[in-house]
Amino acid sequence: MCCLYFQLSFSQTLENLVEEHPRLFITSNIINDVKKRINSDTRYALLHEQILRSSDSLLTMPPALEIKEGRRLLEVSRTYLKRILYLAYAYRITGQRTYFEKAKQEMLTASAFSSWNPSHYLDVAEMSMGLAIGYDWLFHDLNTIERETIAQALLEKGIKTSLDETLEYGWISSSNNWNPVCHGGLTAAAIAVFDSAPDVCTRVIKRSIEHVPMAMKEYAANGNYPEGPMYWSYGTTYNVLLVAALQTAFSSHFGLLNQPGFLETANYYRHVIGPSGLYFNYSDSREIPGLNAAQFYFSKEMKRPELLWQEMEILESYRNGDRNFKAFGISNRFLPFILLWSLDMPEVRSSNENLYIAHGTTPIAIYRSSWSDSALYLGIKAGSPSANHAHMDIGSFVFEKHGIRWASDLGLQGYHSLESLGLGIWKKNKGSDRWKVFRNSVFSHNTLVVNDSLQNPDAFATIEKIEDDTYAFKAAINLSEIYTPQLASARRTFEVSQDQELLITDSLRTAKTGDAKIVWAFVTPAKIEIAKDGRAAYLSKEGQSITVKLLRPKGVSFKTYKTNPPPSDFDVSNPGTRLLGFEVFSTKDSKEIIQVKLK
C-alpha cells in the first residue's frame with residue numbers, strides 16, 4: 001500500500017513539472033532577489049563581482065581538453081561545471097551576450113567528447129550537472145540544433161549510461177558521497193531535458209528519490225557525517241542541489257528534507273570549523289574550508305542566520321584580502337548558488353551552543369569555550385578505520401586556544417599521487433596499501449601507537465559523554481577493540497576544566513601475552529622547547545604559547561619525532577610540523593595510566 005501511494009504521489013507531482021525553462025534552481029523572482037541583494041549588501045556584491053571577473057577571464061580561454069588524470073576525468077568535468085555555471089549566471093544577471101556565447105562554446109565542446117568517463121561515475125555526474133544548468137538557463141538563446149546537440153549529449157553520455165544493465169554501479173544504493181553526487185547530477189540532467197525523453201527521465205528522477213535516502217540515513221545521528229567535513233561539503237552540496245532542483249522543477253522535495261538528521265547536519269558543519277577557521281579535518285579532509293553553498297541553503301530553508309557565522313567570516317577574509325579568489329581551477333565552483341540561496345541579513349550572530357556530540361558511523365565530540373576567535377576548541381574522534389575515507393585516527397584530537405591550532409591533523413594526501421604508483425588505497429584490511437601512507441596511518445595521528453603496530457581496522461570505538469559539573473567538558477573513548485591484541489583494554493578520557501585546561505588520561509592494561517611499547521604523541525605546527533627535566537614542553541606560535549605537562553607516568557620525558565621528511569618516497573611532505581610525544585614501556589598484564597595536560 002505504501003509503495004502504491006508513493007507511485008501515485010510521485011506521478012501526480014511529476015505532472016507539476018514546470019513547462020518552461022529555466023526550471024533548475026532559478027525563477028524570475030529568485031533572479032530579481034539576487035539583483036536587489038547585490039545592490040544592497042556589499043558582502044554579496046563582492047561575490048557577484050568576483051563571479052563576473054572570473055567569467056571575464058574565461059572569455060579568452062580555450063575549452064578544456066578531454067584528458068584524464070589516471071582513471072579520472074573529474075578535474076575536467078568540474079572545470080566545465082564551474083565555467084558553465086559562472087558564465088550562465090553572469091548572462092542571466094547582466095544580459096551580456098559574450099557570456100552566453102562562451103557558455104555555449106563550452107557546452108558544445110563537452111558535448112563532443114567521446115565519453116564523460118562512466119567508469120568513474122563522479123565524472124559523468126559533475127559534467128551532467130554543468131551542462132544541465134547551461135542547457136536550462138540558456139535554453140531560449142540556444143538555437144534548435146544547439147539544443148538538440150546538448151540534450152543528446154546529456155542523454156547519451158550522461159543519463160542513459162546509468163541505465164546500462166551490463167554495468168554494476170554501486171553508487172546507486174551506496175551510503176557514501178557518490179550516491180547524492182551521481183543521483184544529483186543525473187536528476188538535474190533529467191529535469192533539464194525531460195521533454196526530449198520523458199520516460200527515461202522519469203525513471204532516473206524516480207530512482208534518485210528512492211535511492212538517495214540510503215545515503216541520507218547517515219545523517220540520522222544528529223546530522224553527523226561519517227566521511228569528515230571535506231566530504232560533507234561535497235556529498236551534502238550535491239544532496240542539497242538534488243533537493244533544490246526538485247523544489248524549483250516540481251514544487252516538492254518529495255520528503256527528502258524530512259529525512260532524519262538532514263536539516264540538522266548544518267549544525268554539524270558549523271561545529272567542525274574551529275575558532276582558527278580551520279576544519280576539524282579528520283579522515284580524508286583538508287584543513288582549510290572554503291565558502292559552502294549548502295550552508296546558505298540550510299540557513300534560508302530553516303531561517304537560521306546563525307548557521308552562517310563561519311561563512312560570513314570566510315567571506316570577510318576574502319573582502320579584506322586575507323584570501324584570494326581563484327579565477328581558474330575548480331575551487332568555489334558552486335559560488336553562484338550562495339547568491340541564489342542567501343538571506344537578507346543585516347548581521348549574523350554567533351550561537352551559544354558550545355557542545356556537539358554525535359554517534360553513528362563515525363562518532364565525534366566537539367567542545368568550544370565560546371564562539372570567539374580565542375576560544376578553547378577540542379575535537380575528538382572515535383569510530384573505525386574501515387569507515388569510508390577514514391584514517392587510523394581513532395582516539396585522535398585537535399586542540400586550539402588563542403586562535404592557534406596547537407594539535408593538528410596533517411590531512412589527506414591526493415589520491416592520484418598514490419594510485420599512479422600502483423598503490424591500492426581503497427581497501428581497508430590490515431595489509432592494505434592505504435595504511436602504508438603516512439598521513440593515513442596511526443603513526444601520524446594524535447593517538448597511541450602500541451608496539452609499532454597499526455590500529456585494528458575492523459574494530460569500532462564509541463564516545464561516552466560523562467556528566468560531571470566540575471568540568472566544562474568530559475568525555476571518553478573506549479579504545480579497547482582498536483588496540484586488540486596489543487592491549488587488553490584502553491580508555492582515553494578528555495577533561496576540560498572550568499579554567500579551560502585540557503587533561504588527557506589514557507587508562508590502559510597490557511595484554512597477558514607480552515610487554516608493550518606505547519608511544520603517546522600529537523602533531524603540532526608550533527615551535528617546541530622541551531624543559532630540561534623533560535616533563536614539560538613549551539609551544540609557541542604567532543606570539544601565543546601554551547604549556548604541555550607530562551603528569552604520569554614518572555621517569556618518562558618528552559621528545560620530538562619527525563614528520564618531515566616522511567617515511568616513504570610516495571608520501572607527501574609535511575613542512576612546518578613535528579610530533580611531540582614520549583614513549584612508555586609497560587610489562588605484560590599490567591595497568592598503565594598516562595596523563596598529559598595542555599594549559
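All values below were derived from every heavy atom in this structure, side-chain atoms included, with hydrogens, water molecules and symmetry-related copies excluded.
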Side chain to side chain donor-acceptor pair (under 3.5 Å) partner of Glu227, the single match among Thr236, Asn177, Thr361: Asn177

Residues Glu210 and Arg207 bridged, charged N to O under 4.0 Å: no

Side-chain H-bond candidate by donor/acceptor type, Asn224 with Tyr356, under 3.5 Å: no

Given Glu264, Glu353, Glu313, the one that forms salt bridge (charged side-chain N to carboxylate O under 4.0 Å, His left out) with Arg270: Glu353

Aromatic ring pairing Phe334/Phe337, orientation class (parallel under 30°, perpendicular over 60°, tilted between): tilted

Donor-acceptor contact present, side-chain Asn222 to main-chain Ile357, <3.5 Å: yes

The single option from Tyr238, Tyr121, Trp116 passing side chain to side chain donor-acceptor pair (under 3.5 Å) against Glu126: Tyr238

Parallel, tilted or perpendicular, as decided by the 30° and 60° cut-offs, for the rings of His183 and His211: parallel

Pair Tyr279-Tyr269, side-chain donor/acceptor within less than 3.5 Å: yes

Side chain proximity check, Tyr80 to Glu106, heavy atoms < 4.5 angstrom: yes

Within 45° cone and under 6.0 Å: Arg323 NZ/CZ vs Tyr318 ring: yes

N/O donor-acceptor pair under 3.5 Å between Ser432 side chain and Lys427 backbone: yes

Plane angle bin for Trp232 and Tyr268 - parallel if under 30°, tilted between 30 and 60°, otherwise perpendicular: tilted

cation_pi(Arg147, Tyr135) dist<6.0 Å, angle<=45: no

Evaluation steps, side chain to side chain contact (heavy atoms under 4.5 Å, CB included), between Leu142 and Phe100: CA-CA 9 Å; Leu142 296 167; Phe100 163 74; 3.9 Å; yes

Ring geometry between Trp341 and Phe25 (parallel below 30°, tilted from 30 to 60°, perpendicular above 60°): perpendicular

Short N-O contact, Glu75 and Arg78, less than 4.0 angstrom: no

Lys/Arg-Asp/Glu bridge criterion (N-O < 4.0 Å) met for Asp195, Arg23: yes

Donor-acceptor side-chain pairing of Tyr415 and Asp284 below 3.5 angstrom: yes

